J.: 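Pasting a structure here, questions to come.
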Amino acid sequence: MYDLPPDLDRLRTLRTWYAMWLGRIDQAIQAAEQEQAAQQRLEQQRAEAAPDWIVELGIGQGAPPVDVHIGGCHMAGKRRQTISREQAIQLINQGVNPCTHCRPDTELGILG
């Protein structure tokens, strides 16, 4: 019928083998679901903790503004400062680069 062996011993062996693999697959599914849930929680926490707008600051005296980012942008460097929407618009209009990844200029409605 399904090309299975006709004798009981081999059928039981196959049943045991498949049950073992089903258990392993179930464990892998559970681990993947837990990892996915943890990743979603982490992303949610980042979104809640991220400011709306940030400016990346340069090196040197006065730490000049280098790039404007949407809060939580992965491309923002470690030297950064939270800014308001109005400050973000002002900085971009003054020539500070908008990030090419998160596109704060698009989000702010500034046409380049």
Side-chain angles (χ1 to χ4, degrees):
M1 179 158 88
Y2 294 105
D3 295 330
L4 294 173
D7 60 292
L8 190 55
D9 286 339
R10 287 191 290 174
L11 287 170
R12 286 188 176 146
T13 300
L14 285 173
R15 169 69 174 88
T16 301
W17 188 82
Y18 278 106
M20 176 195 68
W21 274 103
L22 185 58
R24 288 181 179 179
I25 292 168
D26 287 343
Q27 287 175 350
I29 289 171
Q30 185 178 17
E33 288 173 342
Q34 289 173 350
E35 177 65 29
Q36 184 179 28
Q39 187 66 29
Q40 288 174 344
R41 283 191 304 273
L42 182 61
E43 289 174 10
Q44 181 68 24
Q45 289 171 351
R46 284 183 185 159
E48 291 171 359
D52 289 338
W53 308 99
I54 54 177
V55 61
E56 185 175 348
L57 303 172
I59 299 173
Q61 188 173 3
V66 177
D67 294 313
V68 175
H69 299 270
I70 294 174
C73 176
H74 67 279
M75 293 301 293
K78 294 184 188 232
R79 293 177 311 277
R80 57 176 121 181
Q81 183 178 22
T82 300
I83 57 174
S84 67
R85 177 183 176 85
E86 292 75 23
Q87 290 171 314
I89 292 170
Q90 183 181 14
L91 287 169
I92 292 172
N93 286 335
Q94 290 174 353
V96 176
N97 297 325
C99 174
T100 58
H101 293 270
C102 65
R103 301 302 311 221
D105 50 343
T106 303
E107 187 71 26
L108 291 166
I110 299 172
L111 300 175

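No experiment lies behind these values; they were computed from the predicted model shown.
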J.: Any non-hydrogen side-chain atom of D52 less than 4.5 Å from a side-chain atom of R85?
T.: no
J.: Following the transitive rule for hydrophobic clusters with a side-chain heavy-atom cut-off under 4.5 Å over Ile, Leu, Val, Met, Phe, Trp and Tyr, establish whether V68 and I70 coincide in one cluster.
T.: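 Hydrophobic grouping puts V68 with I70.
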J.: Enter the distance from E33:CD to Q36:CD here, rounded to the nearest 0.5 Å.
T.: 7.5 Å
J.: Checking side chain to side chain contact (heavy atoms under 4.5 Å, CB included) between P65 and each of I83, V96, N97, which is the one that passes?
T.: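 With P65 as partner, side chain to side chain contact (heavy atoms under 4.5 Å, CB included) holds for just one option, V96.
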J.: Can you tell me how far CD of Q40 sits from CD of Q45, rounded to the nearest 0.5 angstrom?
T.: 12.0 Å
J.: I'd like to know if I59 and V66 are part of one continuous hydrophobic network [Ile/Leu/Val/Met/Phe/Trp/Tyr, side-chain heavy atoms within less than 4.5 Å].
T.: no
J.: What are the two closest heavy atoms between W53 and P104, and how far apart are they?
T.: CZ3-CB, 3.8 Å
J.: Could you give the distance from NE2 (H101) to CG (D67), rounded to the nearest 0.5 Å?
T.: 9.5 Å
J.: Can you name the nearest heavy-atom pair linking Q87 to S84, along with the distance?
T.: OE1-N, 2.7 Å
J.: What is the minimum heavy-atom distance between A88 and L108, and which atoms define it?
T.: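 Smallest interatomic distance, heavy atoms only, reads CB-CD1, 3.8 Å.
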J.: So does R103 pair up with D105, basic N to acidic O under 4.0 Å?
T.: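 So R103 pairs with D105 through a salt bridge.
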J.: Rounded at 0.5 Å granularity, tell me how far CD in E35 sits from CD in Q39.
T.: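 If we round to the nearest 0.5 Å, E35:CD and Q39:CD are 6.5 Å apart.
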J.: Hydrophobic clustering (ILVMFWY, side-chain heavy atoms < 4.5 Å, transitive) - are I25 and W17 grouped together?
T.: no
J.: Say whether, by atom type as modelled, one donor and one acceptor occur between the side chain of R12 and the main chain of D9 under 3.5 angstrom.
T.: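 The answer is no, because no donor-acceptor pair under 3.5 Å joins these two groups.
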J.: Closest approach of C99 and H69, non-hydrogen atoms and distance?
T.: CB-ND1, 3.2 Å
J.: Flag yes if Y18 and L11 sit in one hydrophobic cluster, no otherwise; membership is Ile, Leu, Val, Met, Phe, Trp, Tyr, and two members link when side-chain heavy atoms are under 4.5 Å apart.
T.: yes
J.: Kindly indicate whether the side chain of I89, heavy atoms from C-beta on, has any atom under 4.5 Å from the side chain of E86.
T.: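 Answer no - side chains too far apart.
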J.: Taking all non-hydrogen atoms of both residues into account, name the closest pair between E56 and A76 and its distance.
T.: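 Reported closest heavy-atom pair: OE1-CA, 3.9 Å.
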J.: Shortest non-hydrogen contact from P98 to I92?
T.: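 That closest heavy-atom pairing would be CB-CD1, 4.1 Å.
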